[in-house]
Amino acid sequence: METPLVRDTILQLVAQAVAQAQREGDLQLQTTPEIEVDRPAKGQHGDFATNLPLRLARATRLNPLKLADKLASYIPAHDAVAQVVVAPPGFINFYLREGWLQQQVEVVRQTPDSYGRVDAGHGRTVMVEFVSVNPTGPVHVGHTRGAVLGSTLANVLEAAGYVVTREYYVNDAGSQMENFYRSVFARYQQALGVAAELPANGYVGQYVAELAQEIVQAHGQTFLDMDEAAAIKQIGDLSREKMVGLIREDLSFIRVNFDNWFSERTLFQTGEYQQAIDRLRQQGYLSERENALWFNSTMLGDDKDNVVVRSTGEPTYFASDIAYHYNKFIKREFAQVIDIWGADHQGHVPRMKAAVAALGANPENLTILIAQMVTLKRGAEVVRASKRTGEFVTLRELAQEVGVDACRYFFLARSPDAQMEFDLELAKKESSENPAYYIQYAHARNAGILNLARNREIDWSRGDVSLLRDPNELNLIRTMLRLPELVAKMAQSLEPHHLPHYAMELATAFHWFYENCRVISANPEDGQMTLARLKLVESAQIVLRRSLELMGMGAPERM
RNA sequence: GCGCCUGUAGCUCAACGGAUAGAGUACUGGGCUUCGAACCCAGGGGUUGCAGGUUCGAGUCCUGCCAGGCGCACCA
């Protein structure tokens, strides 16, 4: 069940007024204008506003204020709307009716599990592919941002009526993996007293030695007694599985979970790699130069061509990425695909778009979100992160130090476009006073009231919501009503960073209400008010919980 | 050199081309004998990097500068 949006109702009223004005000859337009209805920044300007008269003033050569008056007079009456007011220089402001607002408390109460679900996606399939770290080491802080962003975006899209697949692309083929396997093998040999050196540019991180140690414990020196190539292959298989398992556990720890882990190697096993390449060749996008096979992405607007098969005959990473997107669009037929990449891959956007176009899919259905870099600091000192040298702070260390909820909130509240500095000392210090807890505290406080009411066996099901007339009560209801609109908006803009800011406002609205409106009163004269307010508290809890759920944060009953 | 992103309060960051640019944090002062003070109230704090332009209206769009980040491989 989806929550209807008041905003859409207002939009329709305006559209009706425009149509009526045209019929009456008060408005002559070549094209029907796109109507915008917004939430004004200031409460005094009403619940909704449209700037339509201002935007039509030029085309119609009419005074915007007079046009606003005219249009306002054609706006039909509606149950939800108390007042329509024209404001200079040409806004039309809408004020919601108190009785209608009160009634929304009942609406929320009746949809505890689905409030905030809207039908913007109409069941369209969308894949969100994110994190996709090479399984050559654990997930670190930089990847955590994309992980939190992707998981929240997926939640939002699901709430907005899309059929969402969360996918992790496991880069388990290619030369970096080979390098990793050899590194583990070298550590394995060393652990058994065999003099061995790490490959040049091998992985030197402590976790590689630990991995080798685990293999020694489970398998002893089995792999010393066989042909080296076979040993590396078998140790490689073990290491890869362990590493992917570790990545999965770490992500799960910060509540990032996937519907599917897609292996790059399967692209070669199923023949999809070959199909994708053949398809490009047939379309004339491939050419051979300098013993390598090139994708002529310049034909599609990229500023340079890219190698897909090296002169050694080995496919590049880009080649399997093409095959992977062939799988996403052509094989699995996702209507929309969202890739979340780090800023260091930003330069590859044009070629990926070009490749999708060359495969015969619409590149507009591929959205690549770029999450900017996270610079990690400890006080004034910058902590360099390098997987190769093994110096980095892992996701798990971070989440354990700062806390999962605070961590998610911290990453989530910032626009992906903005680089961030993550000061571990500051984060630890601030974690106790993190806004995340402000929101959770609102939920816990709320739960405290409901639990007390239940302990006292108060039955509030007959509460009369029309008693909720205090400005703090109405403000809380108004804030609650914004969640479904926000879900629709975020699904469209793909900007989930609005969610934490909204949740803060919702928590504030609740704390204000709590401060000013006693719910469970000892005074028998307040009996009816108590019942009405318990309904409000119940509905507020639903919206707080839904907001926290969407962000992947806990909604504690006590803390 | 070219491309993408960023520059807003002391700090960390919001703001779909709209109305007096907002939060958190820090600082100062105030508020618990009643549902949880991890809360609330009040206060100071800004030439939105700089300069032009577009328009009824620009932090937001365009142009040029300045500063920072990331790219520009037959690595991923």
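So that the names make sense, note that chain A is the first sequence line, chain B the second, and so on, each numbered from 1. Just so it is clear, the structure is predicted and the values come from calculations on it, not from any experiment.
Judged by ring centres under 5.5 Å apart and planes tilted less than 30 degrees, A/His497 fails to stack against the six-membered base ring of B/rA14. With its ring centre under 5.5 Å from that of the base six-membered ring and a plane angle below 30°, A/Phe91 counts as stacked on B/rA19.
For A/Asp344 against B/rC70, a side-chain-to-base donor-acceptor contact under 3.5 Å is absent. With hydrogens and angles left out, the side chain of A/Asn93 and the base of B/rA19 share a donor-acceptor pair within 3.5 Å. Interface remark: the A/Ser311 side chain does form a donor-acceptor pair with the B/rC74 base, using a distance-only criterion of under 3.5 Å. Between the base of B/rG3 and the side chain of A/Asp303 there is no donor-acceptor pair shorter than 3.5 Å.
Heavy atoms only, all atoms of each residue included: A/Val519 and A/Phe513 are closest at CG2-CZ, 3.8 Å.
Judged by distance alone, the side chain of A/His45 and the main-chain N or O of A/Ala41 form no donor-acceptor pair under 3.5 Å.
When rounded to the nearest whole Å, the span between CD1 of A/Ile449 and P of B/rU34 equals 15 Å. In this entry the distance linking CD of A/Gln346 with P of B/rC2 reads 16 Å, nearest Å. If you measure from atom OH of A/Tyr514 to atom P of B/rC41, you get 15 Å, rounded to the nearest angstrom.
Ring orientation note: the planes of A/His497 and A/His501 are nearly perpendicular, at an angle over 60° on the 30°/60° scale.
In this structure, A/His345 does not reach the B/rC4 phosphate: none of its side-chain N or O atoms is under 4.0 Å from OP1 or OP2. Of the side-chain N and O atoms in A/Tyr441, one or more sit less than 4.0 angstrom from OP1 or OP2 of B/rA38. One finds no side-chain N or O of A/Tyr409 lying less than 4.0 angstrom from the OP1 or OP2 phosphate oxygen of B/rC13. Note on A/Tyr502: every side-chain N or O is 4.0 Å or more away from OP1 and OP2 of B/rA14. The phosphate of B/rA37 (OP1 or OP2) has a side-chain N or O of A/Arg445 nearer than 4.0 angstrom.
Across every strand in view, B/rG1 sits in a pair with B/rC72 that passes the Watson-Crick or G-U test at under 3.5 angstrom. Searching all strands for a Watson-Crick or G-U wobble partner of B/rC50 with both distances below 3.5 Å returns B/rG64. Judged by Watson-Crick or G-U wobble contacts below 3.5 Å, the nucleotide B/rU28 has B/rA42 as its partner.
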